[in-house]
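Working notes for the structure below.
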Amino acid sequence: MKKHGPICFLFTLILVGFLHPVRAQSDLLPMPQKVSWQNGILDLRQGITLEGDTSGIDRELYLLSEVMKANRIPFSYAKNRSAPRSTVLNLTLNARNMREKKESYRLTISTTGITVAASTKSGLYYGLQTLKQLITAQGTVPFCSIEDEPAFPWRAFLVDVGRNYQPLEMLKEQIDIMAQYKLNVFHFHFTEDIAWRLSSKRYPGLTDSTNMTRWAGQSYTEQEFRELIKYCSDRHITFLPEIDMPGHSAAFHRFFGVDMQSDSGMVFLKELLHEFANTYPGLPYLHIGGDEVKITNPNFMGEMTRYVESLGFKTLGWDPGGNLMPQTIRQLWMGGPKAIEPDGALIYIDSKHLYINHMDPLETVTTLFYRQIGEQKKAHKNLWGATLCVWPDRAVSAPEDMFLQNAVYPAMLTFAERIWQGGGLAGWKANIQPVDQEENLSFSSFEKRLLQHKEKFFKNLPFPYVKHSHITWELIGPFPNEGKLTQAFSIEKQAFDSTIVPTYHITGGTVILRHWWADVIQGVLAQPQTNTTWYARTKIWSDSIGYQPFWIGFGNLSRSYASDSPTKDTWDNLHSAIQVNGKWIEPPIWRQPGLKGNLEKPLLDEGYTFRQPQQIYLNKGWNHVLIKLPVGSFAGRSWDNPNKWMFTFVPYR
């Protein structure tokens, strides 16, 4: 971050409406590639009449009817027009000049009606999803002309049900959100060390409760799996199953009593794969895993890959991983940013730093918004796209907890914006960019759209995100603490003395001074020092006196590490603290204080998004906020208790 002079930074309401046309319905997400807004609106309250050839587009017509029903707009076909003054809607398939753009569409709204044109059914489907977003609560749509196509053809979302089971209706809900925001691959990870969660007629004991170490007895029947595949297909989403091999296979080993890489293990695995292919025909891909395992049989991956291909599948595997064959699509998951150049024979899917289980909820949106896929602006022959992953390794008390501990839906929408739009910044960003940079303004603009969608489409769904791009801080330090994290400094009594010059100006409700992956993700501090204490200060305005709710947090425990819970009477293991109007705010009364980290012990209230907001007493007018941020060693107590030097402070509203 750049240094600045002594400027008083305040909580203020930033009005960013000027960044887009003054129409609530123009807050599209993902934002189309080309939009031309015209003056005027089309009133749909008299109904919509569909004209033209509608043969073969049943899925698109179903979406259209559901959109009209949700908005209470009468819908009919030309041959039985319900209202003479209804708006004409024309769906045009095989549109000219669009044959090479499989997912592109054109949407035109004018005095003559609405036209959606595309060369494929998926293009029509996406055009109708955009139309859905344009409809206001008053039943109107703006005059506009939209030409749109994705920057990347592979826009995937991964759900791990091997570790933590999710019921079918919850999966369908996520698939519906994927479809609404134009994601098109559902990566389903259902085999794990913990459990194998797909029933097998040949080996029914594989999914017996005695063979599962978590969510015992919870698996998917053949009928449920078929239903899931069809549910994806009906929404132009490719269903990508993953049968992890030879790693993450302890459940396989428990049941069969052999290692997957052994000769007998390979026989059993081939039987399962043959049954899978015959039971669920027509799937184009099968993910074969290959990661986090010692390859003891050098012939395993090659033989299994050839066998899977003989069953009709194209294979994907994790990279780094086992000795994948050249034709297997590589899904990148480890290592820092590295450009994927358009050369060579290998095809890549990017999942590096796209694991939201490692991200603070507010950081999630920031990071994904700035993220550049494969360090490229758009796809090429060797880079198809990316997969957003939810890997909650740690057990949860209820499936719903995953959506509060991880910002699943805010992440999905932000990822959808980036992978459809393309672009982004090189390298990985953890914080909102400085106020004097264009990227700060673009984030504020996106955040406005994101919150519009939260209000319009997610009222009854978990959406752990609030506006925070308007929050600005002055960062002051460093103060040497000699490893004494509780050491006090004089600034705590005179923090708002105008003679104290800040070192940095920073923006955001979540601020990361030093990431636990500091070698690849830059925090606020360019050269952070151990055994130092920093302070962040701001002022907030309140129209009235009394208690108000805030999200407050430090450290952000990963949902994949066996991290310890905060001890009694502390906010975190660094002795971070917060002061409002000169009074120190007491930390929460933790439900499991000092719990030693254990992947089988669910987190209960350790994160600010899954506990009640902190009630803070504010004065009428300006209120002073001071955050104390000590650090000793950057290493942390253990590898699964890393020090992510950061804080979150934001009004919950």
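Side chains included, hydrogens not; waters and symmetry mates left out as well; all remaining heavy atoms used. Not measured: the values here are computed from a predicted model.
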inquiry  = Set out, in order, the CA-CA distance, both residues' side-chain angles and the distance that settles side chain to side chain contact (heavy atoms under 4.5 Å, CB included) for Ile432 and Tyr370, then state yes or no.
reply    = CA-CA 9 Å; Ile432 299 175; Tyr370 290 124; 3.9 Å; yes
message = I'd like to know whether Phe415 forms a side chain to side chain contact (heavy atoms under 4.5 Å, CB included) with Leu183, so could you lay out the CA-CA distance, the side-chain angles of the two residues, the decisive distance to 0.1 Å, and finally the verdict.
response = CA-CA 9 Å; Phe415 176 73; Leu183 300 180; 4.0 Å; yes
key: Step-by-step side chain to side chain contact (heavy atoms under 4.5 Å, CB included) determination, Ile616 to Ile552   = CA-CA 10 Å; Ile616 295 182; Ile552 303 175; 3.5 Å; yes
inquiry  = Quick one, Tyr181 with Met412, criterion side chain to side chain contact (heavy atoms under 4.5 Å, CB included). Give me CA distance, side-chain angles, the key distance, then yes/no.
reply    = CA-CA 8 Å; Tyr181 294 96; Met412 194 184 292; 5.9 Å; no
inquiry  = Let's go through Arg214 and Glu192 carefully: what are the C-alpha distance in whole Å and the side-chain angles of both, what is the deciding distance for salt bridge (Lys or Arg N to Asp or Glu O under 4.0 Å) to 0.1 Å, and is it a yes or a no?
reply    = CA-CA 11 Å; Arg214 188 188 296 172; Glu192 254 303 329; over 6 Å; no
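Within a 6.0 Å sphere centred on CD of Gln494, other residues, nucleotides and ligands contribute more than 12 heavy atoms. Heavy atoms of other residues, nucleotides or ligands lying less than 6.0 angstrom from OH of Tyr652 number 12 at most.
Partners of Arg330 according to the side-chain hydrogen bond (donor to acceptor under 3.5 Å, both in side chains) rule, which considers only residues two or more places apart in sequence or in another chain, do not exist here. The side-chain hydrogen bond (donor to acceptor under 3.5 Å, both in side chains) test applied to Arg591 returns no partner, not counting sequence neighbours.
Judged purely by distance below 3.5 Å, without hydrogens or angles, the side chains of Asp319 and Tyr348 never pair a donor atom with an acceptor atom. Inspection of the Gln592 and Glu606 side chains reveals an N or O donor paired with an N or O acceptor under 3.5 Å. With 3.5 Å as the limit, one finds no donor-acceptor pair spanning the side chains of Thr533 and Gln487. A donor-acceptor pair shorter than 3.5 Å can be found between the side chains of Trp318 and Glu242. Between the side chains of Thr510 and Glu363, no donor-acceptor pair of N or O atoms lies under 3.5 Å. If you check the side chains of Trp391 and Asp393, you find no donor sitting under 3.5 Å from an acceptor. In this model, a donor atom of one side chain and an acceptor atom of the other lie less than 3.5 Å apart for Asn406 and Arg559.
How far CG of Leu240 is from CD of Gln331: 7.5 Å, rounded to the nearest 0.5 Å. Rounding to the nearest 0.5 Å gives a distance of 10.5 Å between NZ of Lys352 and CE of Met334. For the atom pair Tyr465 OH and Lys454 NZ, the distance stands at 9.5 Å (nearest 0.5 Å). Note that the CZ atom of Phe152 and the CG atom of Leu383 stand 5.5 Å from one another [nearest 0.5 Å].
The side-chain heavy atoms of Leu425 and Gln372, taken from C-beta on, include no pair separated by under 4.5 Å. Side-chain contact check for Trp428 versus Thr367: every heavy-atom pair is 4.5 Å or farther apart. Considering only heavy atoms from C-beta on, Val408 comes within 4.5 Å of Ile356 through its side chain. Looking at heavy atoms from C-beta onward, Phe610 lies out of side-chain contact with Val396 at the 4.5 angstrom threshold. Within the 4.5 Å cutoff, side-chain heavy atoms of Trp622 are placed close to those of Trp541. Put simply, the side chain of Ser560 does not reach to within 4.5 Å of the side chain of Pro392, judged on heavy atoms. Two residues are said to be in side-chain contact when any heavy atoms from C-beta on lie closer than 4.5 Å; Ile419 and Trp154 fail this criterion. At a threshold of 4.5 Å between non-hydrogen side-chain atoms, the residues Pro587 and Thr570 do not count as touching.
Taking the six-membered ring for Trp and the full ring otherwise, the centers of Tyr617 and Tyr547 sit less than 6.0 Å from each other. When ring centroids are compared, Trp517 and His358 come within the 6.0 Å threshold. In this structure, the ring of Phe463 has its center no less than 6.0 angstrom from the ring center of Tyr409. Phe479 has its ring centre less than 6.0 Å from the ring centre of Tyr535.
Listed here is the closest heavy atom pair of Trp571 and Arg611: CZ3-NH2, 3.8 Å. Across Ile512 and Ala430, no two heavy atoms sit closer than the pair CD1-CB, 3.8 Å. Across all their heavy atoms, Gln614 and Glu586 have their closest contact at NE2-O, 3.0 Å. Heavy-atom minimum distance, Leu29 versus Leu413: CD2-O, 3.3 Å. Minimum heavy-atom separation, Gln376 to Ala339: NE2-CB, 4.0 Å. The heavy-atom pair separating Leu626 from Ile491 by the smallest distance is CD2-O, 4.4 Å.
Between Phe443 and Phe369, the ring planes lie perpendicular to each other; the angle is over 60°, past the 30° to 60° tilted range. Classified by interplanar angle (parallel below 30°, tilted 30° to 60°, perpendicular above 60°), the ring pair His515/His353 is perpendicular.
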Side-chain donor-acceptor pairs under 3.5 Å in residues 519-528, sequence neighbours left out?
from: Gln522; atom 1: NE2; to: Leu525; atom 2: O; distance (Å): 2.9

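None of Trp534, Tyr608, Phe550, Trp473 except one satisfies the ring pair (Phe, Tyr, Trp, His ring centres under 6.0 Å) rule with Phe647; the exception is Trp473.
Side-chain atoms of Glu375 do not come within 3.5 Å of backbone N or O of Ile373 as any donor-acceptor pair. Judged by distance alone, with hydrogens and angles left aside, the side-chain atoms of Ser351 form a donor-acceptor pair with the main-chain N or O of Thr387 at under 3.5 Å. A donor-acceptor distance shorter than 3.5 angstrom exists from the side chain of Thr538 to the backbone of Thr472, with no hydrogens or angles considered. Judged by distance alone, with hydrogens and angles left aside, the side-chain atoms of Asn382 form a donor-acceptor pair with the main-chain N or O of Leu346 at under 3.5 Å. Within the 3.5 Å criterion, the main-chain N or O of Ile340 finds a donor-acceptor partner in the side chain of His380. Side-chain atoms of Thr609 come within 3.5 Å of backbone N or O of Leu404 as a donor-acceptor pair. No donor-acceptor distance shorter than 3.5 angstrom exists from the side chain of Trp420 to the backbone of Met31, with no hydrogens or angles considered. No donor-acceptor pair under 3.5 Å is formed between the side chain of Asp564 and the backbone N or O of Asn641. No donor-acceptor pair closer than 3.5 Å links the side chain of Gln579 to the backbone N or O of Lys493.
Ion pairing between a basic and an acidic side chain is recognised when a charged N comes within 4.0 Å of a carboxylate O; Lys429 and Glu439 show no such pairing.
In this structure, Arg394 fails the cation-pi test against Tyr561, since its NZ or CZ atom is not both closer than 6.0 Å to the six-membered ring centre and inside 45 degrees of the ring normal.
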